[in-house]
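Following: one structure in structure tokens, then a few remarks.
First listed ligand is number 1; within each ligand, the first listed atom is number 1. Hydrogens, waters and symmetry mates play no part in the numbers below; they use all other heavy atoms, side chains included.
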Amino acid sequence: MTYTPVSAMKCFLWVVLVISLDLSSANSISSYNHYRLPTALRPQKYYLRILTLLENPDDLRFAGSVQIVIEALENTRNITLHSKNLTIDESQITLRHISGSGSKDNCVSSTSVNPTHDYYILHTCRELLAGNVYKLCLPFSAELNRQLFGYYRSSYKDPVTNTTRWLSATQFEPAAARKAFPCFDEPGFKASFVVTLGYHKQFTGLSNMPVKEIETHESLPNYVWCEFEQSVPMSTYLVAYSVNDFSFKPSTLPNGALFRTWARPNAIDQCDYAAEFGPKVLQYYEQFFGIKFPLPKIDQIALPDFSAGAMENWGLVTYRETTLLYSPTHSSLSDQQNLANVIAHELAHQWFGNLVTMKWWTDLWLNEGFATYVAGLGVQQFHPEWHSRDKGILTALITSFRLDSLVSSHPISRPIQMVTEIEESFDAISYQKGSAVLRMMHLFMGEESFRSGLKEYLQLHAYKNAEQDNLWESLTSAAHQSGALDGHLYIKTIMDSWTLQTGYPVLNITRDYSAGTAMLTQERYLRNSQIPRAERVGCWWVPLSYTTQVEKHFNNTGPRAWMECSNTGESVPTTIDLLPGPEEWLIFNIQLSTPYKANYDARNWKLLIDTLNSGEFQSIHVINRAQLIDDVLYFAWTGEQDYDTALQLTNYLQRERDLIPWKAALDNLKLLNRLLRQTSNFGSFKRYMKKLLTPIYEHLNGMNDTFSSITQQDHVLLKTMVVNVACQYQVGDCVPQALAYYRHWRSEANPDENNPVPINLRSTVYCTALGQGSEEDWDFLWSRYKKSNVGSDRQTILSTLGCSKAVWILQRYMEKAFSPKSGIRKQDSALCFQAVASGQVGFLLAKQYMMENIEFIYKYYYPQIRALSSLLLPFSEQVSTMSDLNKFRSFANDSRHFLKGIRQAMQQSLETMLTNVQWMDRNYQHFSRTIQHHL
Ligand code: BES
Ligand code: ZN
């Protein structure tokens, strides 16, 4: 197939000259109403020409044409594809026959639409015949939208000229390519793309592939056509392009693809880290997967407006500024770790997702779970001192344990029909639980068979699509070959129990101390304690790793036995023998290799607690210390253990100096704080927290700027985290020190240049100062926000501006968050709202604001409804009375029209609120009494 610029041109020119119909209003409704495209046709190649007009801020738009080379696999009279919010000039549509036996040219007799599934259906004059190839040409145009999806506009202020500079960018995943050009917008329809961008010559055009040639525009003065090389076969959601006036920083890595990092000119000095780290990780994956990165170049670009965190478009990875740009003078260590993790995540997708893509969104977790898991390995490789593997897995488990203990959770692999359901799937289950079960498999299969299985899978399905069963097949054969898995076990049998079933199990482990055995049973773990036993059934294939006080084999993560399921899916109780005597503990799930909770008999808990509270606590692996904390606090919450046991265990934290157990503890204790802080017994809880925190606060030198002398990077994060909580509980000199730092900053003559607050303490200092501060304190920080040139700096400020306790200031801030003129971008509004809603005063305001303004908020985000779901989070943590819960229930019901795109998140929030109410009913009194004994 040769490219024919003349005919493409003709098809294209009309777009500019002809005023066309808006089809959405004029077309008849099609009777085709299945949520998947028909399979009679297969697109082979797209020639996409797009002219982007960025000169007139009042009329930012694009116009283009697409020629799709389509192969007919079956005879058909309809061409059904996706198109949304595009104006298509129907008078200029052409349909030509290209090859095959039925030689006559064809045409389009009429069109129809199906707005539910975004279908645009062309009815052809003559039947398209199987085995023949056709070329369909469609001219289209649209506004560059403000929705951050499809082909959209973005802008930034040029500080030199003080003018607004406009740019364009794409975000297509999961279903927005159809907003930029008519296409077969499902991941299974892979095709090659030849993209040609037209733009004013002051700009640069970027797309997935390198530039092939640039020509002057035939009629528009100072415009060019930039044609890019033909892409490899890929899914529509990975197509990307941007027209901008950015600068770039090249990276040089021998034998690697050409690698560039782009940002607005004034931020180019923040690209050094990404430009250095990106190519290194890319090379690491080439080795890890055993497959070279197949494109000749890769660009990463920081966009001022961006809906997600980042997007893995093949060869043109897009980011928020906060996830790509790093400033040594403004970004904290956790900002830096975050961006390393995001880069590693998106680059992992270049294999998992781009090269091999899921057949349908049901298997989205293969993309996201893998990228999440592998990112931890990628970062670990270049920053071993960050322990990103362990931290990544702990975060993954903590988040998925929480969500997945709800009845309203869902399986990793879930049926999907509507676009809103695809969007809902980008959640902790796909990312975090997905990553956790992949790690489980990695650990039970061992390095060699896991890697060789992956490699086979990637090679077998390269440039094609796959589903989870394909992965199981490759991994099973690798595991059988290497002997890592018994011949009678299949990866599919094991993994189906984790990916097709909702939830995770709790293993009840009861030791017989005289016989030296332990009996294991399993059931689903649920946070909602009113769910009867009969509804907790389920069986998971659990690889059993364990060790004892004598052995302490904490590096042995492989299974010593399996907890199996019968053919009918019932759990088979398992007995472990040859266990030590009654004076020694037993611990299951080495390094949390599998996502389950382990509950023991009282004696074993006591043995574990004694060791933790002795000088020997470090003889238990740091991840297992975190596990014990997380587990016991869950069990106390749901009543399997009492709070006396839980608090005896957490008591050992006075000695703990490691990040991971502290993270597990503080995440859980924060939930208690949210329930208790409005009660009369909060005083005792506060005293308990002070008791736990004081030793570590002092050990880390509190608020003093000792960062330059900290050799262990984990301690930087630990200090950041501890200090933040310490100020909330008024530990030591935390608050006065924070206020002093802030005063000092305020007295600087040039506070935008000189900030005396240590970078890693900024969040705590700002929040504490505003919590106690005046209007002037707030306005001072707001001015810094307006002037800051660094994304992570701006983000820190936005998330602390909600720390004020003044009702009117919070109200004003919330209104700013949803007003485009305020200077808060749409992408950041949820952060601001969350910041307000997580505070005790802000909670009440935000609740009222949300209930009264849901229609306005809905319209503000529309059609990006997913953002709405993140607004719910602070509420689900804080609603703890039946009457509040009922208010939310009726709100959910009354506003169902606005909330239907986040049905799942709403159910999860309501269920979480219910578990809070249950906690208050069942535990509040008992907890309040118990905590007295631990002060
Ligand atoms: N593929 C996603 C981007 C995405 C997210 C598209 C949601 C559509 C909806 C990308 O790979 C991703 O996962 N981004 C994350 C950041 C990542 C490091 C966890 C994000 O945007 O939050
Ligand atoms: Zn991802």
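- The aromatic ring centres of Y504 and F401 sit less than 6.0 Å apart.
- In the vicinity of E312, heavy-atom distances shorter than 4.0 Å reach the ligand 1 atoms 1 (N), 2 (C), 10 (C), 11 (O).
- Atom 3 (C) of ligand 1 has A310 O, 3.2 Å as its closest protein atom, hydrogens excluded (heavy atom only).
- Using modelled atom types, one finds no donor on one side chain facing an acceptor on the other under 3.5 Å when comparing T796 with D793.
- For A308, heavy-atom contacts with ligand 1 shorter than 4.0 Å involve the backbone as well as the side chain.
- If you check which protein heavy atom lies closest to atom 19 (C) of ligand 1, you get Y431 CE2, 3.8 Å.
- When distances from the Zn ion (ligand 2) to the N, O or S atoms of E368 are compared, OE1 comes out shortest.
- The N/O atoms of R866, backbone and side chain alike, include none that comes under 3.5 Å of an N/O atom in ligand 1.
- Between H345 and Y431, the angle of the ring planes stays under 30°, which puts this pair in the parallel group of the 30/60° scheme.
- Remark: the R414 side chain and the S425 side chain contain an N/O donor-acceptor pair separated by less than 3.5 Å.
- Every atom of ligand 1 is numbered from 1 in the order shown, and the set under 4.0 Å from a heavy atom of E346 is 10 (C), 11 (O), 12 (C), 14 (N), 16 (C).
- Atom 8 (C) of ligand 1 has its closest protein heavy atom at E173 O, 3.5 Å.
- When only modelled atom types and interatomic distance are considered, T261 and Q300 share a side-chain donor-acceptor pair under 3.5 Å.
- No hydrogens or angles considered: nothing links the side chains of N208 and S231 as a donor-acceptor pair under 3.5 Å.
- Relative ring orientation between Y46 and F181 is described as perpendicular, the plane-to-plane angle rising above 60° on a 0-90° scale split at 30° and 60°.
- Under 4.0 angstrom from ligand 1, the non-hydrogen atoms of H349 all belong to its side chain.
- Below 4.0 Å from some heavy atom of E368 lie the following atoms of ligand 1, by number and element: 1 (N), 2 (C), 11 (O), 13 (O).
- Annotation: Y151 is in aromatic contact with F62 [ring centroid separation under 6.0 Å].
- The closest protein non-hydrogen atom to atom 22 (O) of ligand 1 is G309 N, 3.8 Å.
- Looking only at atom types and distance, the side chain of D404 has no donor-acceptor partner in the side chain of H410 under 3.5 Å away.
- The shortest separation from a heavy atom of Q171 to ligand 1 is under 4.0 Å, placing the residue in contact.
- For atom 7 (C) of ligand 1, the closest non-hydrogen atom on the protein side is F426 CD2, 3.4 Å.
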